[in-house]
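Counting begins at 1 with the first residue of the sequence. Just so you know, ligand 1 is whichever comes first in the structure, and atom 1 is the first atom listed for that ligand. Being a predicted model, the structure only gives us computed values, none of them experimental. Reckoned from all heavy atoms, side chains included, excluding hydrogens, waters and symmetry mates.
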Amino acid sequence: MNSVNKFEESFKIFFNADVAFSFWKGRVALYAILKALNVGKEDEVILPGYTCVMDINPIKYLGAKPVYIDIEPNTFNMNVDMFEGKITSKTKVIIAQHTYGYVCDMDRILSIAQKHNIPVIEDCCLCVGSTYKGKLAGTFGKAAYFSFQWNKPFTTGLGGMAITSDNVLAERIEEICKLQLVQPSFKEKMMLLAQLMVYRAFIYPETTTMAQSFFRFLTKKGIVVGSSSTCEFEPEMEKDFFKAMSSIQAGTGIRQLDKLEKNIAHRRQMAELYDELLSQNGWPTRNYNKEIMNPVMVRYPVRIKEKDRAIQQAASAGIELGTWFECPLHPIETPLEKYDYKIGICPEAEKAAKETVNLPLHPRVSEKTVKKTVDFITKFNQA
Ligand SMILES: Cc1ncc(COP(=O)(O)O)c(C=O)c1O
């Protein structure tokens with residue numbers, strides 16, 4: 001068995017799914033699922049208006065229309081009270097995005113979706129290991145997809161996975177992959193390998209913000225393989241978009257999966273430390289229903305005054321403050337109108353984008369990092 005098959009095998013076992021399909025990126029996994037569900041022209045796909053533009057591109061590539069639902073402010077997830085009203089005869093799929101690691105209200109989403117006979121797929125790009133009523137996020141819908149890009153719960157540099165236990169859907173995805181999936185080029189694989197090496201050697205909480213800005217700049221220039229090259233801010237599909245995962249990514253993925261339980265325990269422990277220190281310093285802490293949800297946070301969201309200034313000061317102080325989501329369809333460069341988003345349609349999402357930064361929880365974060373980060377934002381807020 002090659003490393004790509006091995007990674008798929010271990011991944012599907014972790015989620016107790018029947019099949020897993022790996023891809024170059026998470027958005028490619030989403031594209032495969034949507035295409036296999038026959039999403040096409042005139043169809044509508046419901047998702048939260050607090051997401052990443054790369055999540056919308058596959059919908060647009062297939063000629064369908066994204067329909068945005070505002071979020072509820074505590075968990076940043078789709079406001080379920082609002083979503084039934086947006087279902088029409090054209091609604092083909094509902095994407096339940098589990099934001100920051102908080103699981104959506106799956107009972108309500110599934111019951112509304114079933115009433116209208118619409119499949120739900122779960123966006124687990126920011127959520128690995130969280131449970132809802134004791135069940136893992138990613139095991140509720142017809143399919144789920146994951147991202148292993150730099151900022152995600154675990155990283156293979158770039159990477160994506162789709163899982164499903166629906167035989168018909170799995171067969172369709174397999175057929176589409178056989179016909180259309182292209183292999184990454186030698187150059188792309190080597191660039192990714194070099195980036196993984198740089199990441200392992202140099203990227204720590206103190207250096208992340210600077211490295212990210214530089215990396216984004218290089219990506220836009222096409223000098224490195226990143227998650228957002230300029231052409232991906234246009235809803236037009238590049239000819240080699242539908243790309244497979246390389247063995248470099250899969251090898252890293254297998255090693256990351258072996259460490260996943262440790263990664264999850266670390267994230268839980270650091271999030272609890274943030275809860276404790278933030279509350280000691282007068283900040284509101286995470287607000288979710290503890291009786292039904294046990295989240296594993298990818299990052300810890302906090303609302304702060306003067307977000308832009310906070311981010312700038314944090315970067316010079318070597319504090320890793322995450323900026324996403326910078327606008328309802330992150331990042332800030334997204335031409336919203338090309339993606340059918342009109343300012344004002346998701347006011348809570350727009351407010352969250354203006355106010356929210358996120359604090360690091362990844363495996364390189366220590367108790368000292370958490371303390372320094374809380375100290376920084378507290379002093380910033382008091383200034
Ligand atoms: C919520 C969400 N879904 C999907 C994606 C797409 O994942 P990828 O970058 O691996 O294509 C991202 C971000 O990158 C994301 O934040």
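Within the cation-pi definition used here (under 6.0 Å to the ring centroid, within 45° of the axis), Lys259 does not qualify as a partner of Phe154.
Listed for the Tyr274 side chain is no donor-acceptor partner under 3.5 Å among the backbone atoms of Thr373.
For the salt bridge (Lys or Arg N to Asp or Glu O under 4.0 Å) criterion with Lys338, the lone passing option out of Glu236, Glu234, Glu333 is Glu234. The one candidate from Phe76, Tyr100, Tyr50 that meets the ring pair (Phe, Tyr, Trp, His ring centres under 6.0 Å) condition with Trp324 is Tyr100.
Heavy-atom proximity to atom 13 (C) of ligand 1, evaluated over Lys152, Gln149, His330, is greatest for Lys152. Counting only non-hydrogen atoms, the option in Ala29, Cys52, Pro58 that gets closest to atom 15 (C) of ligand 1 is Cys52. Looking at Pro48, Gly26, Pro331, Cys124 and measuring to atom 8 (P) of ligand 1, the nearest heavy atom belongs to Gly26.
Ser316 and Gln313 form no side-chain donor-acceptor contact under 3.5 Å, judged by distance and modelled atom types alone. At a cut-off of 3.5 Å, with distance as the only test, no side-chain donor of Asn77 or Tyr288 sits close to an acceptor on the other residue.
The contact set between ligand 1 and Asp55, taken as ligand atoms under 4.0 Å from a residue heavy atom, comprises 3 (N), 4 (C). Atoms of ligand 1 lying under 4.0 Å from any heavy atom of Gly159, numbered from 1 in the order shown and given with element: 10 (O). Close approach of ligand 1 to Cys125 (heavy-atom distance below 4.0 Å) involves ligand atoms 2 (C), 3 (N), 4 (C), 5 (C).
Between Arg27 and ligand 1, a contact under 3.5 Å exists for at least one N or O pair. In terms of polar-atom proximity, defined here as any N/O pair under 3.5 Å, Gln97 makes no such contact with ligand 1.
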